[in-house]
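Presented below is the structure to which this report refers.
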Amino acid sequence: MALLVQKYGGTSVGNIERIKSVAEKVKTTREEGHDVVVVLSAMSGETNRMIALAKEITANPSPREMDVLLTTGEQTTIALLSMALHSLGVDAVSMTGDQIRLKTDSCHNKARILDVETKNIKAYLKLGRVVVVAGFQGRSETNDITTLGRGGSDTSAVAIAAALKADECQIYTDVDGVYTTDPRVEPNARRLDSITFEEMLEMASLGAKVLQIRSVEFAGKYNVPLRVLSSFKDGGGTLISYKENKMESPVISGIAFNRDEARLTLSGVPDQPTVAAQILSPIGDANIDVDMIVQNTVGNGKTDFTFTVHREDYQQTKELLEKVCVLLHADHVQGNKEIAKVSVVGVGMWNHPGVAKTMFETLGEEGINIHQIATSEIKISVLVDSKYLELAVRSLHKAFELANDPTEEK
Ligand code: ADP
Ligand code: ASP
Ligand code: MG
């Protein structure tokens, strides 16, 4: 008998039929003798619908009230699934993030989990009940309702699995595992049987939204066995683990991308100490995540400072940067919102210098201009115009022969 945490995403609970079918799956798991904690998302489209409602009232809704609003999506699905389980004769109880005492910091809309109490969940499990928990939500130190950022139910599930020391955290979604790239963009993408935490962390941080990045961080830190599976069809899915299961890991294991990047440049900044900190601190204070940073010396004691942010943060960042521009007597601020980031990821890359060459040649042959490059030991990222994103992903997938399984004999 195992203790399993099963998380079902928005599409998996997207309508009553789907909720009934999740109930059947949970019932089967119970009949196999396992204890089950279910973590749910809102029905697909529901969170977006509520965001749009709020935007009809104001362009800048209060982050606190946004969290009160958005958490209702998950509260709906936990009640409905519990009812569906009851009608199948399965004893189940729904619980909000507050009821399980999932504690977070006070950063509304992207709160971080501080602690998860297990007492209440364990008490219900002991009574033989399935505990159905609302994902994505918690309660702050000031007793406010908080949410964990888009896709945050994955992180709720992993945090609960870590706190309960569950045998496995299973993320049920609308794809049957982690692929070499998003199968919606490249139909030839191949499912991976396993992937290391390190690679999954890079893939998630570089845009592969199949798992929220914080869920992978959490799973790696607390060594939670994490598996991505389909709620629509059977199969073993993809196991995310520390082990590399091949004699030699493939040079490239996947391609990730992020369509929602924006790029800003502050030109003609005095080239002197503390300038980078002065540029970035108001942006950090506004809780805006900054990504690829490049500083170029242009002569005359001046430099250009360029970085990327999420497209949603573009306007606010631009306004902050314009203030910094005046303060530092810099020349001007430039921006581009139609930018996408494409990254090749692989732990086997570090000792293969040919990866960058293949990547840049492939993009060049397709006539795709590279605006910016960033590298680490296990990834190379480039910024390209948004309109070339699909072409870039598909041509790189082909160039690195990712559709072929490297463990199979040619
Ligand atoms: P859920 O609602 O279940 O949380 P998401 O939409 O958040 O599901 O995540 C699943 C989606 O992630 C898939 O439908 C797929 O389009 C996308 N995706 C992006 N990159 C990958 C990848 N490398 N492997 C699998 N799916 C990916
Ligand atoms: N409902 C939230 C979202 O759409 C959280 C989640 O689905 O994980 O982002
Ligand atoms: Mg998701």
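Atoms within a ligand are numbered from 1 in the order they appear, just like the ligands themselves.
Geometrically, ligand 1 and T173 share a nitrogen or oxygen pair separated by less than 3.5 Å. In terms of polar-atom proximity, defined here as any N/O pair under 3.5 Å, G10 does make such a contact with ligand 1. For ligand 2, the polar-atom distance check finds an N/O of G151 within less than 3.5 Å of one of the ligand's N/O atoms. Between D174 and ligand 1, at least one pair of N/O atoms sits closer than 3.5 Å. Here's the thing with S41: one of its N/O atoms is less than 3.5 angstrom from an N/O atom of ligand 2. Checked by distance only, ligand 2 and K7 stay at 3.5 Å or farther apart across all their nitrogen or oxygen atoms.
Of the N and O atoms on the side chains of S253 and E199, at least one donor lies less than 3.5 Å from an acceptor on the other residue. In the model, T142 has a side-chain atom that pairs as donor or acceptor with a side-chain atom of S140 under 3.5 Å. A side-chain donor-acceptor contact under 3.5 Å links T308 and E261. Neither side chain, S215 nor T155, offers a donor N or O lying under 3.5 Å from an acceptor on the other.
Distances shorter than 4.0 angstrom do not occur between any heavy atom of G207 and any atom of ligand 1. Ligand 2 is never approached by G135 to a heavy-atom distance shorter than 4.0 Å.
The side chain of R184, and not its backbone, has at least one atom closer than 4.0 Å to an atom of ligand 1 (non-hydrogen atoms only; side chain from C-beta on). Heavy atoms of E74 found under 4.0 angstrom from ligand 2 belong exclusively to the side chain. At a 4.0 Å heavy-atom cut-off, ligand 1 does not touch R190 at all. Residue contacts with ligand 1 for T181 involve N, CA, C or O but no side-chain atom from C-beta outward (heavy atoms, distance under 4.0 Å).
Salt bridge annotation for K318-E322: present, with a cationic side-chain nitrogen under 4.0 angstrom from a carboxylate oxygen. Taking the charged nitrogens against the carboxylate oxygens, K20 and E24 have no contact shorter than 4.0 Å, which rules out a salt bridge. Using a cutoff of 4.0 Å between basic side-chain nitrogens and carboxylate oxygens, K341 and D291 are scored as salt-bridged. The existence of a salt bridge linking R139 and D144 is excluded, since no basic side-chain nitrogen approaches an acidic carboxylate oxygen closer than 4.0 Å.
Between L164 and K122 the shortest side-chain heavy-atom distance falls below 4.5 Å.
Close approach of ligand 1 to A208 (heavy-atom distance below 4.0 Å) involves ligand atoms 20 (N). Close approach of ligand 1 to V178 (heavy-atom distance below 4.0 Å) involves ligand atoms 24 (N). Residue contact check: R150 has heavy atoms under 4.0 Å from atoms 3 (C), 4 (O), 9 (O) of ligand 2. Taking a cut-off of under 4.0 Å to the non-hydrogen atoms of K7, the atoms of ligand 1 that pass are 4 (O).
A side chain to side chain contact (heavy atoms under 4.5 Å, CB included) with L396 is found for exactly one of T358, T181, L363, namely L363.
For atom 27 (C) of ligand 1, the closest heavy atom belonging to the protein is V210 CB, 3.7 Å. Considering only non-hydrogen protein atoms, atom 25 (C) of ligand 1 sits nearest to G177 O, 3.4 Å. Protein heavy atom in closest approach to atom 24 (N) of ligand 1: Y179 N, 2.9 Å. Among protein heavy atoms, atom 7 (O) of ligand 1 sits closest to K209 O, 3.5 Å.
Of all non-hydrogen atoms in D304 and G268, the two that sit nearest each other are OD1-N, 3.1 Å.
Within the 3.5 Å criterion, the main-chain N or O of I339 finds a donor-acceptor partner in the side chain of R311.
Under the 6.0 Å distance and 45° angle rule, R227 does not count as a cation-pi partner of Y172.
Of the candidates I171, D182, D154, the one placing a heavy atom closest to atom 18 (N) of ligand 1 is D182.
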